[in-house]
Amino acid sequence: MSLQSNYQNILSQLPENVKLVTVSKTNPAEKIKEVYDLGQRAFGENKVQELLEKQPVLPNDIEWHLIGHLQTNKVKFVAGFISMIESVDSEKLLKEIDKEALKNERKINVLLQVKIAKEETKFGLTVEEAKDIFNKFLNGNYPNIDIKGLMGMASFVDDETQIREEFGVLKQLFDELSSLKPLETLSMGMSGDFPLAIECGSNSVRVGSAIFGERNS
Ligand SMILES: *Cc1c(COP(=O)(O)O)cnc(C)c1O
């Protein structure tokens, strides 16, 4: 299958209200440009170094999403241009993003990454931590940040019931926080589980290998 048919195949499976973030990690700028030329604007990268190599050689109107763990000392490198940091997994990181946003005289959009997978995963807030941070945000603690929503990853298992349960936890939290202040983005679903994620309420999917092909690394 060509890049174009893969891309169009994914798009055809997304309801109108669901946004596609094309995960381009490990793929070269030329391939990203091919998908850009098909009309795609939102791309996701998980490593700052890689993002900093690609961003300057690609069109300015690309909406870059950072989807991988971000070290606080690297926030300054992306703060000037990043559209969305989907992987806020600690309050310390949020503080640093707020500081760098102020320096860059812009608001930075973020999602709180919540640990929903039952399997051992390294990164993500607990539900309680996410609620606590969101309340501080509502109380004006992070004036240079806009918390747009939540991001989560389900376990890499075949058990559909388990995956639904995990996505369900995030959807419930999304609804709960949205009753305090309306949230826009519930980012769940990757190549292997995005149709299920959409059934569970996702309105933003992060799809890589189903478009670009399997990654070697
Ligand atoms: C790599 C990655 C994706 C995309 O995974 P695919 O299985 O290639 O679609 C989505 N989200 C995050 C956080 C990732 O690191």
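What you see is a predicted model; the values in this text were computed from it and never measured. Each ligand, and each atom within it, is numbered from 1 in the order the structure gives. Throughout, numbering of the chain's residues begins at 1 and tracks the sequence.
Taking a 6.0 Å sphere around NZ of Lys181, one finds it holds more than 12 heavy atoms contributed by other residues, nucleotides or ligands.
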Show me a pair-per-line table, with atom names and distances to 0.1 Å, of protein N or O atoms that are under 3.5 Å from an N or O of ligand 1.
from	atom 1	to	atom 2	distance (Å)
ligand 1	8 (O)	Ser209	N	2.8
ligand 1	8 (O)	Ser209	OG	3.0
ligand 1	8 (O)	Arg215	NH1	2.7
ligand 1	8 (O)	Arg215	NH2	3.1
ligand 1	9 (O)	Ser191	N	3.0
ligand 1	9 (O)	Ser191	OG	2.5
ligand 1	9 (O)	Gly208	N	2.8
ligand 1	11 (N)	Arg206	NE	2.9
ligand 1	15 (O)	Lys25	NZ	2.7

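A side-chain N or O of His65 and one of Glu63 form a donor-acceptor pair less than 3.5 Å apart. For the 3.5 Å distance criterion, the side chains of Gln172 and Glu176 fail to qualify, holding no donor opposite an acceptor.
Between Ser187 and Gln113 the shortest side-chain heavy-atom distance does not fall below 4.5 Å.
Among residues two or more places apart in sequence or in another chain, the side chain to side chain donor-acceptor pair (under 3.5 Å) test is passed with Glu105 by none.
Classification of Lys103 and Glu100 as a salt-bridged pair holds, one side-chain N sitting under 4.0 Å from a carboxylate O.
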